[in-house]
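Below is one structure, written out as structure tokens, with a few remarks after it.
Just so you know, residue 1 is the first one in the sequence shown, and it goes up from there. Just so it is clear, the model here is predicted, and its values are computed rather than measured.
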Amino acid sequence: MSGKDRIIFVTKEDHETPSNAELVADDPNDPYEEHGLILPNGDINWNCPCLGGMASGPCGEQFKAAFSCFHYSKEDVKGSDCVDQFRAMQECMQKYPDLYPQEEEEEEEQPADPLPEAASEASATKEAASS
């Protein structure tokens, strides 16, 4: 048996009798259970809940390519050789804004021109000096 899932086909007759299924205890040697993002052998655990489902979905393959490239990168600036993979992932995610919302830059919310504020401070300083 390969993989972690098992597919069983049943007939109508199978459903007419009570189940005699037995629950199987968790396998303590299962390499995907409770190891976090990186498995003991150094591979990426794509089933880790810490990835928030990014490894699946419409851009899952692009995410896996970019993340794998970064994880296995040997460059002095880790991941500097992965720009193309991250660009492909970003381009894919931009096609699905409902699934991958873009965070707004905080700078856009603040006024771009600080001069009016500075001008009012200068006039207040002038008034205080002349009194």
Side-chain angles (χ1 to χ4, degrees):
M1 182 187 324
S2 65
K4 65 181 180 81
D5 298 324
R6 191 168 113 187
I7 299 173
I8 301 172
F9 293 97
V10 295
T11 64
K12 183 178 179 183
E13 291 79 27
D14 292 332
H15 282 290
E16 291 174 348
T17 59
S19 172
N20 62 355
E22 295 179 24
L23 296 177
V24 178
D26 289 337
D27 180 2
N29 299 318
D30 185 349
Y32 298 103
E33 288 294 322
E34 299 181 21
H35 287 292
L37 181 59
I38 307 302
L39 298 172
N41 66 1
D43 289 345
I44 299 168
N45 179 5
W46 297 115
N47 296 320
C48 181
C50 61
L51 293 175
M54 292 295 293
S56 59
C59 300
E61 291 306 311
Q62 292 86 342
F63 174 80
K64 286 180 178 181
F67 195 85
S68 294
C69 182
F70 181 83
H71 176 66
Y72 295 111
S73 176
K74 302 285 186 207
E75 295 297 311
D76 287 338
V77 177
K78 187 171 178 85
S80 62
D81 52 336
C82 305
V83 172
D84 291 338
Q85 290 89 337
F86 278 98
R87 183 175 292 124
M89 180 184 76
Q90 183 179 23
E91 288 171 0
C92 179
M93 290 177 171
Q94 288 172 346
K95 294 176 187 174
Y96 303 94
D98 292 342
L99 293 174
Y100 308 102
Q102 301 292 315
E103 291 184 21
E104 296 295 323
E105 301 263 342
E106 287 184 24
E107 295 171 9
E108 292 176 9
E109 296 172 7
Q110 297 175 356
D113 186 11
L115 290 179
E117 192 175 299
S120 66
E121 286 177 20
S123 63
T125 306
K126 260 189 206 176
E127 287 176 21
S130 63
S131 31

* Asked: What distance separates C48 SG from L37 CG, expressed to the nearest 0.5 Å?
  -> 5.5 Å

* Structure fact -> Scanning both residues in full, the closest heavy-atom pair of C82 with F70 reads SG-N, 3.4 Å

* Rounded to the nearest 0.5 Å, how far apart are OG of S80 and NZ of K78? -> 10.5 Å

* Would you check if I38 and H71 make a side-chain contact, meaning some heavy-atom pair closer than 4.5 Å? => yes

* To do: Decide yes or no for W46 and L39: does some side-chain heavy atom of the first lie under 4.5 Å from some side-chain heavy atom of the second?
  => no

* Structure fact -> In short, Y72 meets I44 closest at the heavy-atom pair OH-N, 4.0 Å

* To do: State, to 0.1 Å, how close S73 and G79 come at their nearest heavy-atom pair, and which atoms those are.
  => OG-N, 3.0 Å

* Asked: Do you know which two heavy atoms are closest between Q62 and M89, and how far apart they sit?
  -> CB-CA, 3.7 Å

* Same apolar cluster: V83 and F63, side chain cutoff 4.5 Å -> no

* Any donor-acceptor N/O pair, S56 side chain to G53 backbone, under 3.5 Å -> yes

* Asked: Minimum heavy-atom separation for C69 to Q85, with atom names?
  -> SG-NE2, 3.8 Å

* Side chain to side chain, Y100 and K95, heavy atoms closer than 4.5 Å -> no

